Amino acid sequence: MARTVYMKLQNHTGYFDILILLHVAVIAVGMGSVYYMEHFGHIVTGMSNQIVWGTPHVFAIFLIIAASGALNVASISSVFSKYGYKPYARLSGLLALSLLAGGLAVLVLDLGRPDRLMVAMTKYNFKSIFAWNIYLYSGFMVIVLAYLFTMMAKKMDKYTKIAGYAAFAWRLILTTGTGSIFGFLMAREAYDSALLAPLFIASSFVYGLAFTVLVLITVCHTSQRSMMNEDMVRNFRGLLIIFMAAVLYFTAIFHLTNMYSAEHAGVEWFILASGNVYSLIFWIGQILIGSVIPMAMLAWPKIGGKRQTLSIASVLMLIGGIAQVYVILIGGQAYPMVLFPGMEVTSSFQDGMVGTYTPSLPEIALGVSGISIAMLLSGFIMRVMPFLPRGDRMG
Amino acid sequence: MSKFSLKDAYIDKARRDFLKKAGAGVATTVLGAGITLMAYPDPAAARKPDEPVDASKRWGLLIDANKCKEDCNACVTACSQENGWKLDGDPRHDSQWIRKLTIKNPQGGFTQSFPVMCQHCTNPPCTDVCPTGASFKRADGIVLVDKHICIGCRYCMMACPYKARSFIHQPLEDQKPHAPRGKGTVEACTLCVHRVDRGDQPACVERCSKDGNGALIFGDLNDPNSEISKQIATYPTRQIRADLGVDPGVRYKNL
């Protein structure tokens, strides 16, 4: 088999510079929003005492899920020995790290006291799944860095397989941890399910691969090199369909399990059938735009094998992913907490009421800046280190 | 043979631990042959500032939903005045350490009104999830937030089954020295820990007996001679969402 030659992102077109500038601008607006939110307090956001986690958390969790999934391509090559994926393994590891960095940045910058980050890093409550996640995230960074080192350093490739196995196991545990942030919450009707962990793992496969495919297509475009042959286009197409089918499967099982139990019928009706904004985002955002349309596009023989189709389907799946996390996170909190089952409850604290939430601009800016942080970081590192397969010059 | 359960084993251990500590609470001094001086701690006495809290006490509240009237807000006003939080007409963002809840049975429309605050659980989900340990439970059962290490992640608010916690959404002024509060951190009922530690009752209980309907009783759930324990031993009482197994220290009568 021909040895892959790697290169830095060089001789790029102006398109790359425009993208970099765009991400810098988004990050600048995001950081301005952080300052604004920290100065005036969270009163300037849409979040409240009922919807305590808002749009920044949607993006943060979406990116953290995507980070573990971005490692798919590297895992397929190292763990499952499909060597066609190997040329993209470095990029896959890099994206995993940058997406995680983007997600964590948003999570930290939305804290009520981001200045106390050092407290979060030095004081641990080991019973907290959140504290476990701090270890899972930093461990993931270390393992993926080591994995990349074995791929890139001379004579270290004999350790790539073992590092690949470690990273694969760690990423599954990491996403289990992310799902369990919600799965362990018995207080809220919409969560409290062990199924959230495998659902998040399946979702990570989709989001991570969609990000990888989009970045790969973008760097092909901007470097004017063909890094993906037709076989790989076909592989990515098949994987996206299968991974999305897995997400739909776990989504269906999650809701069916809840519907079967009368206790959860109320929240299921609220999310799936009440016609509110969350039902619309679920059915139109996640299911139609994010799942059915991209799957149909990819499965359609005439257009499914085209790179454009792959790009559009990936974008739609990512939009669907944000919709999915939005419904789980915000919809789950909007449903009133049940203190007295079967009773009508009212109070000055909005007990018994559906929580209202409108994302504010600063929140959206902070959330989107997480994606930009991830992309800027990847772009910069690709520019200075050999992360990309050389490929053939196009045109 | 009775069936073994993990929960029973856990409860037995907790009982044994309690008895050990209760035994240790009786100071014994042998003064000489045949003369032993035994000093029993006074359950009503205030804790000295340098004295650690111990588990011999389990502070709790009993709320009589029949006595509590819908038009009375004395407990809420007292708490607000005592701890320096206030309602500014923004129910989405205002902190509410205690609130009056009205429940109505849709079948027939029977209505009751009573206060709900931090339930000071034996197994508080808020302390379980708090990443830094800022949410903690004192040995005497009072659940608090350490304002110095709360990072404002709000995971405790996601986890609390009683919606008892508030996030401070904007800068604050005129705080009470005994109830420090700060923008970007989470807060909740402290059971007026500053008053309890000096031997007083929580402000809500005091005000309810003075200006309200005497619906609130505060006391030591571990002391069988306390009024609260006697009431619980005599009348049917319940905890909100007892099914969750968090064992709140706040009990309700006639609910």
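Since we're looking at a predicted model, the values are computed, not measured. Chain naming here is simple, since letters A, B, ... match the order of the sequence lines and numbering starts at 1 in each.
Residue with the most contacts toward chain A among B/Gly152, B/Pro131, B/Gly184: B/Pro131 (heavy-atom pairs, distance under 4.5 Å). Ranked by non-hydrogen atom pairs under 4.5 Å with chain A, the options B/Val76, B/Thr102, B/Leu87 are led by B/Thr102. Interface remark: of the candidates A/Met47, A/His57, A/Met121, A/Met47 forms the most heavy-atom pairs closer than 4.5 Å to chain B. Looking only at heavy-atom pairs under 4.5 Å with chain A, the residue among B/Thr185, B/Val246, B/Leu244 that has the most is B/Leu244. Per-residue heavy-atom pair counts under 4.5 Å with chain A were compared for B/Asn105, B/Ile151, B/Val129, and the maximum is reached by B/Ile151. Between chain A and the options B/Gln170, B/Met157, B/Lys163, the largest number of non-hydrogen pairs under 4.5 Å is found for B/Lys163. Of the residues considered (A/Val119, A/Val345, A/Leu339), A/Leu339 shows the highest number of contacts with chain B, using heavy-atom pairs under 4.5 Å. Counting heavy-atom pairs closer than 4.5 Å to chain B, the top residue among A/Tyr124, A/Trp53, A/Phe184 is A/Trp53. Comparing A/Gly332, A/Gly355, A/Ser348 by how many heavy-atom pairs each has under 4.5 Å with chain B, the most go to A/Ser348. Taking B/Cys130, B/Ala159, B/Pro171 one by one and counting their heavy-atom pairs under 4.5 Å with chain A, the maximum is reached by B/Cys130. In terms of non-hydrogen atom pairs under 4.5 Å with chain B, the most contact-rich of A/Val338, A/Ile51, A/Thr122 is A/Val338.
Interatomic distance, CG of B/Leu61 versus SG of B/Cys189, reported as 7.0 Å (0.5 Å rounding). Between A/Ser68 atom OG and A/Leu136 atom CG the span is 11.0 Å, to the nearest 0.5 Å.
Of the atoms belonging to A/Leu111, heavy atoms from both backbone and side chain fall under 4.5 Å from chain B. For A/Phe349, the parts lying near chain B are the backbone and the side chain together; criterion is any non-hydrogen pair under 4.5 Å. Interface residue A/Thr356: backbone and side-chain heavy atoms are both found under 4.5 Å from chain B. Only the backbone of A/His39 comes within less than 4.5 Å of a heavy atom of chain B; no side-chain atom from C-beta onward does. Only the backbone of B/Asp94 comes within contact range of chain A, with heavy atoms under 4.5 Å apart. If you measure heavy-atom distances from B/Thr127 to chain A, the contacts under 4.5 Å come from the backbone alone. Looking at A/Asp115, there are no atoms closer than 4.5 Å to chain B (heavy atoms on both sides), in backbone or side chain. Neither the backbone nor the side chain of A/Met353 comes within less than 4.5 Å of any heavy atom of chain B. For a residue to count as touching a neighbouring chain, one of its non-hydrogen atoms must lie under 4.5 Å from one of that chain's; by this rule B/Leu255 touches chain A with the side chain only. Within the 4.5 angstrom heavy-atom criterion, no atom of A/Val108 approaches chain B. Using a 4.5 Å cut-off between heavy atoms, B/Lys100 contacts chain A through its backbone alone, with no side-chain atom that close. Looking at B/Ile240, the atoms closer than 4.5 Å to chain A (heavy atoms on both sides) all sit in the side chain, from C-beta outward. Interface remark: A/Phe126 contributes no atoms to any contact with chain B (heavy atom separation under 4.5 Å). Only the side chain of A/Gln333 comes within less than 4.5 Å of a heavy atom in chain B; its backbone stays farther off. Contacts of B/Val186 with chain A are absent, with no heavy-atom separation under 4.5 Å from either backbone or side chain. Contact of A/Met337 with chain B is made through the side chain alone, with heavy-atom distances under 4.5 Å. At a 4.5 Å heavy-atom cutoff, the contact between A/Ile181 and chain B is made by backbone and side-chain atoms alike. When heavy atoms are compared at a cutoff of 4.5 Å, B/Pro125 approaches chain A solely by way of its side chain, counted from C-beta outward.
Summarising the geometry of A/Glu189 relative to A/Glu263, their closest heavy-atom pair is OE1-O, 3.2 Å, with the distance given to 0.1 Å. Nearest heavy atoms, B/Cys192 versus B/Glu82: SG-CG, 4.0 Å. Among all heavy-atom pairs drawn from B/His120 and B/Thr190, the shortest one is CE1-C, 4.0 Å. Across all non-hydrogen atoms, the minimal contact from B/Arg58 to B/Thr122 is NH2-OG1, 3.0 Å. When all heavy atoms are compared, the tightest approach of A/Met37 to A/Pro362 is SD-CB, 4.0 Å.
Looking at A/Asp110 and B/Arg154, a side-chain N of the basic residue comes within less than 4.0 Å of a carboxylate O on the acidic one, giving a salt bridge. A salt bridge does not link B/Lys69 with B/Asp71: none of the charged nitrogens is closer than 4.0 Å to a carboxylate oxygen. Ion pairing between a basic and an acidic side chain is recognised when a charged N comes within 4.0 Å of a carboxylate O; B/Arg195 and B/Glu206 show such pairing.
In this structure, a donor-acceptor pair under 3.5 Å is present between the side chains of B/Arg207 and B/Gln81. With 3.5 Å as the limit, one finds no donor-acceptor pair spanning the side chains of B/Thr111 and B/Glu70. Side-chain atoms of B/Asn254 and B/Asp64 form a donor-acceptor pair, as typed in the model, at a separation below 3.5 Å. Residues B/Arg165 and B/Ser135 have side chains that bring a donor and an acceptor to within less than 3.5 angstrom of each other. A donor-acceptor contact closer than 3.5 angstrom links the side chains of A/His264 and A/Ser261.
Aromatic rings of A/Phe340 and B/Phe114 (six-membered ring for Trp) have centroids within the 6.0 Å cut-off, being under it.
Among A/Leu107, A/Leu99, A/Thr175, A/Asn133, the single residue meeting the side-chain contact (heavy atoms from CB on, under 4.5 Å) criterion with A/Ile64 is A/Leu107.
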